[in-house]
There are 2 protein chains.
Amino acid sequence: MPRMVADDIAVALRDRITSGEWSSLGRLPPERDLAAEFGVARNTVRRAFDSLQRDGTVIRQVGRGTFVARENANTMAATIARMEGTSPADMMEIRQLLEPAAAAFAATNASAGDLDAVREAHEAACAAGEMPDFEQWDAEFHHRIFSCSRNEFLKEIHNLMRILRNQAPWFDMKKRSFSETRRRIYCEEHGAVLAALLSRDPDGARKAMLAHLRTVERNMLGR
Amino acid sequence: MPRMVADDIAVALRDRITSGEWSSLGRLPPERDLAAEFGVARNTVRRAFDSLQRDGTVIRQVGRGTFVARENANTMAATIARMEGTSPADMMEIRQLLEPAAAAFAATNASAGDLDAVREAHEAACAAGEMPDFEQWDAEFHHRIFSCSRNEFLKEIHNLMRILRNQAPWFDMKKRSFSETRRRIYCEEHGAVLAALLSRDPDGARKAMLAHLRTVERNMLGR
DNA sequence: CCTCCCTGTACCAATATTGAACCATTCGGC
DNA sequence: GCCGAATGGTTCAATATTGGTACAGGGAGG
């Protein structure tokens, strides 16, 4: 069985841990034993454990052994779970931090094609009549600006925010705060951002985006 | 026996992928095995895969294998998976965006107890002798500043970055760029940040943190 | 004959696994 | 308190697996 064995073993180990097979004892069998049991070299078992250790499933200690981590707060999954409880106020604060910066990056780094895509989303949003349709293109407009920023990580953070904002409590809030007047204002403000991007003005884009987000905040949080 | 065997095999492969036969594992059988199974030469299987690769159905990696490309690009899990490929340069750019802001928030919002915790982490880092120990307290120092910011979402974003930076390629890079001199410089710079926090100076904290991150960037990316 | 596709083969480059040795730490028994 | 066994940490060279590339035929259809 000489194919990507380490990954398979990592999966097997994870299963046996979550199924509680060793969880009661806390301590796992030594690497050498597991290597023998799986019929692979110890290095391979170690590589499997490396990945379990990275995501916090397991803790290793020289001379003592390998242990299943107690309910762990530092795993990716736990972090995401906590993010789902993000308050609208916190979210808006971070948007006002990230989006103006993304707009500034975009003004500098975007290709002509990128900007075309942004304009397309803007025009679609302006043309959209109803709330879900507008909502969709509004989000797309913002996301395409992040795509222009040429920072993949920034883009993924925005993706995360977008997913969070699509969950239940947010959706209600957006629906409540929506109105035809506001839609028109958003379109104008988007237009200002787009204009700054097209004229390659980072500072103008930053300011236009910030102004837009302040409007959004006022509408959603009523400040 | 119709012509264009490669095309037929491409269709067959695509069917088996979309039917989910291998999609659960992610990894497809090696080309040599598939060639044997279909009773054709490996070159033919390769040409079939070429077309699947062109349209993004499949990803190939020398020495590892052929994998079905991830669908569901918009799920949380997929976003996280993409984040794991974040480049050090992109990550540093975002740190320079978020951490100075977090420091400024912290100077405004932290309680006395919060700042005590930051000082504790700072002193532990300065006292730590070896690389993993210092590394641990260094990360803790930064994280406690985010905790002071009173923005839960910001704190969780930093948590995410911290987890990503603990994964393999990053850890190697940090180990390589570590030196006693640099450790001392980091301690001094942390001290400056802490001083600004203690004197409740948001702008000073922002600037001190930015200066520190520029040093880190220089050391890690060699700029 | 020429062209195109498939076959078969050989080798290259990247990655994974193996097997072994040695180190560092912990723990239990003397 | 010391020693030895147990255990994770580290490193290295050798081997195996796998996709990437090139090339020399062979057979079918024009």
Side-chain angles (χ1 to χ4, degrees), chain A residues 1-13 17 22 25-54 56-69, chain B residues 1-13 17 22 25-69 84-85 128-133 135-136 166-169 171-176 178:
Chain A
M1 52 175 111
R3 258 183 7 186
M4 300 290 282
V5 191
D7 288 356
D8 297 343
I9 291 184
V11 171
L13 289 174
I17 288 171
W22 352 74
L25 302 171
R27 180 169 148 183
L28 277 57
E31 297 171 350
R32 290 172 173 84
D33 290 3
L34 287 172
E37 181 185 331
F38 284 110
V40 302
R42 182 160 79 105
N43 275 346
T44 307
V45 173
R46 283 187 58 70
R47 287 198 20 224
F49 270 132
D50 284 346
S51 101
L52 297 208
Q53 187 181 30
R54 267 198 305 273
T57 309
V58 122
I59 295 174
R60 298 196 276 188
Q61 285 177 285
V62 181
R64 301 197 57 212
T66 303
F67 304 83
V68 310
Chain B
M1 179 117 151
R3 287 193 320 176
M4 298 299 189
V5 185
D7 288 355
D8 294 344
I9 291 183
V11 171
L13 287 174
I17 287 171
W22 343 83
L25 303 170
R27 195 178 59 237
L28 276 58
E31 295 172 351
R32 289 171 173 87
D33 290 3
L34 288 172
E37 181 184 331
F38 284 109
V40 304
R42 183 160 79 104
N43 278 349
T44 308
V45 173
R46 282 188 58 70
R47 226 155 332 119
F49 271 133
D50 284 345
S51 98
L52 297 208
Q53 187 180 29
R54 263 195 305 276
D55 64 30
T57 312
V58 123
I59 295 173
R60 297 196 276 186
Q61 284 177 285
V62 180
R64 301 201 60 211
T66 303
F67 305 82
V68 311
E84 287 178 353
E130 293 160 29
M131 141 77 178
D133 210 25
E135 175 63 30
Q136 159 79 24
N166 268 332
Q167 299 190 350
F171 192 76
D172 294 346
M173 179 174 297
K174 284 189 291 193
K175 214 161 74 177
R176 230 180 313 118
F178 181 79

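A, B, ... follow the sequence lines: proteins, then strands. Residue 1 opens every chain. These numbers come from the heavy atoms of this one structure, side chains and all, not from hydrogens, waters or symmetry mates.
Across C:dT17, C:dT18, D:dG19, the shortest atom-to-atom separation from the side chain of B:Pro30 is found for D:dG19. Comparing C:dT7, D:dT7, C:dC22 against the side chain of A:Arg27 picks out D:dT7 as the nearest. Nearest to the side-chain atoms of B:Val62 among the listed nucleotides C:dT7, C:dT18, C:dA14 stands C:dA14.
Taking atom CG of residue A:Asn43 and atom C1' of nucleotide D:dA16, one finds them 15 Å apart after rounding to whole Å. Rounded to a whole Å, the CZ atom of B:Phe49 is 18 Å from the C1' atom of C:dC6. Atom-to-atom, CZ of A:Arg64 to P of D:dG9 comes out at 13 Å; the value is rounded to the nearest Å. Atom P of nucleotide D:dT11 and atom CG of A:Asp50 are separated by 12 Å, given to the nearest angstrom. Per the geometry, CZ belonging to A:Phe67 stands 8 Å off P belonging to C:dC27, to the nearest Å. Between the P atom of D:dT10 and the CZ atom of A:Arg47 lies a distance of 15 Å, rounded to the nearest Å. For the pair A:Glu31 CD and C:dG19 P, the interatomic distance rounds to 16 Å; values are reported in whole Å. Across the protein-nucleic acid pair, A:Arg42 atom CZ and D:dC12 atom P stand 16 Å apart, rounded to whole Å.
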(message) salt bridge (Lys or Arg N to Asp or Glu O under 4.0 Å) for B:Asp33 and B:Arg42? Distances and angles first, verdict last.
(response) CA-CA 9 Å; B:Asp33 290 3; B:Arg42 183 160 79 104; over 6 Å; no
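Considering only side-chain N and O atoms, A:Thr66 lies nowhere under 4.0 angstrom from the phosphate OP1 or OP2 of D:dT7. OP1 or OP2 of D:dG9 has at least one side-chain nitrogen or oxygen of A:Arg60 nearer than 4.0 Å. Close to D:dG9, at under 4.0 Å from its OP1 or OP2, lies a side-chain N or O of A:Arg46. At D:dA6, none of the side-chain N or O atoms of A:Arg32 fall inside 4.0 Å of OP1 or OP2 (strictly under the cut-off).
A:Val45 and A:Ala35 get closest at one heavy-atom pair: CG2-CA, 3.5 Å. Pairing each heavy atom of A:Leu13 with each of A:Ala48, the nearest pair is CD1-CB, 4.2 Å.
Using a 4.5 Å cut-off on side-chain heavy atoms (C-beta onward), A:Asp50 and A:Arg60 make contact.
Both B:Thr44 and A:Thr44 lie near DNA chain C, and the one whose nearest nucleotide falls closer to the 5' end is B:Thr44.
For the side-chain contact (heavy atoms from CB on, under 4.5 Å) with B:Phe49, the qualifying choice from B:Ile9, B:Thr66, B:Thr57 is B:Thr66, the only one to do so.
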